[in-house]
Number of protein chains: 2
Amino acid sequence: MDICSYVILMKLRSVPVIPVNSEDTVVQLADMFRLMGDPTRLRIILVCLDDPISVGDIASRLALSPSLVSHHLRLLKAARVLRAKRHGKQIFYSALDDHVRCVISDMVAHVGEPLDAEEAD
Amino acid sequence: MDICSYVILMKLRSVPVIPVNSEDTVVQLADMFRLMGDPTRLRIILVCLDDPISVGDIASRLALSPSLVSHHLRLLKAARVLRAKRHGKQIFYSALDDHVRCVISDMVAHVGEPLDAEEAD
DNA sequence: ACAACATATGGACATCTGTTCATATGTGAT
DNA sequence: ATCACATATGAACAGATGTCCATATGTTGT
């Protein structure tokens, strides 16, 4: 882990580390979030979390054109969210690591949260 | 937590739950991610994670116009990422709960990850 | 009341982005 | 080699989005 990520991690643990000066790391983070910020792409990610699944199966299961799915898969693979593995004619996609799973899990907890006591001002 | 969120959570724990049928929950999730997917907005969120901070201070610390900051804050407040509290003329923004902190922390771990052994195909 | 400050809002603009269509690449079987 | 199938790629378009500018709202003073 580089120093930039470390600084942000310290911030996240509410240690008073000064400014957000790691410009490129913030951009990297934002890129990842933006990638998950499209409903279609998020659906594709969710489908791939179960088991490795082929492009065609993703398309049919989500009622999308294979072309569109492929376009999105290219971005997700480039961002190392998913990995591709060829078996014969088909190419199976699956999650590259568990971080994305954790991120989504946390986010589900956030949106699922009802109005809590802190809401009042 | 509603049934839709539950289904997704089950998926995240690799329990073989079949389709992603909770359309609106996926859209909610994507909305949150999209919100964090802009570098400027993410910077604003990061600054607000430390302590409650006024709009003007956010603007000066990030070298942005107060107008732009206000526009972004409106979205973040509406999405319940941040909360606003007025003190005199100024309005202080801070994180509404710790979920966002967790989400960012996980994402930092993801982008900070070097090429791991699983990468090979 | 007014002035000064802090924040919010609305419109306009350029840019980015998701989708579609057509086409290309690659693989396995006959 | 040729066909059928699976996936990938490129161009083009409509719609969304971030930023700027001007202006409005709200608050604390005098």
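Just so we're on the same page: letters track the sequence lines, and every chain starts at 1.
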Hydrophobic clusters here meaning ILVMFWY residues chained together by side-chain heavy-atom distances under 4.5 Å, can you tell me if [X] and [Y] are in one?
| X | Y | result |
| --- | --- | --- |
| B:L68 | B:I45 | yes |
| B:L75 | A:F33 | yes |
| B:L46 | B:F92 | no |

>> Assuming nearest nucleotide by heavy-atom distance, tell me which of B:F92 and A:G88 is located more 5' along DNA chain C.
In response: B:F92
>> Of the listed nucleotides (C:dT7, D:dT9, D:dT7), which one gets closest to any side-chain atom of A:R74?
In response: D:dT9
>> Side chain of B:I91, heavy atoms from C-beta onward: which of D:dG26, D:dA8, C:dA8 has the nearest atom to it?
In response: C:dA8
>> Taking the basic N atoms (NZ, or NE/NH1/NH2) and the acidic carboxylate oxygens, is any pair closer than 4.0 Å for A:R43 and A:D38?
In response: no
> Do the charged groups of A:D50 and A:R61 touch, with an N to O distance under 4.0 Å?
Replying inline: yes
> Can a side chain N or O of A:S70 be found less than 4.0 Å away from OP1 or OP2 on D:dA8?
Replying inline: yes
> Is there a side-chain polar atom (N or O) of A:Y93 under 4.0 Å from OP1 or OP2 of D:dA8?
Replying inline: yes
Interatomic distance, [X] [atom1] vs [N] [atom2] [rounded to whole Å]:
| X | N | atom1 | atom2 | value |
| --- | --- | --- | --- | --- |
| A:M36 | C:dT17 | CE | C1' | 18 Å |
| B:I58 | C:dA6 | CD1 | C1' | 13 Å |
| A:R86 | C:dG26 | CZ | C1' | 6 Å |
| A:I53 | D:dA6 | CD1 | P | 14 Å |
| A:L73 | D:dA6 | CG | P | 16 Å |
| A:Q90 | C:dT27 | CD | P | 14 Å |
| A:H87 | D:dT7 | NE2 | P | 13 Å |
| B:K89 | C:dT7 | NZ | C1' | 11 Å |

> Do B:M36 and B:V100 have side chains that get closer than 4.5 Å, going by heavy atoms?
Replying inline: yes
> Under 3.5 Å, is there a donor-acceptor pair between the side chain of B:R86 and the main chain of B:G88?
Replying inline: yes
>> Output one letter per nucleotide in nucleotides 12-20 of chain D: B when a protein non-hydrogen atom lies under 4.0 Å from the base, S when only the sugar-phosphate is that close, - when neither is.
In response: -----SSSB
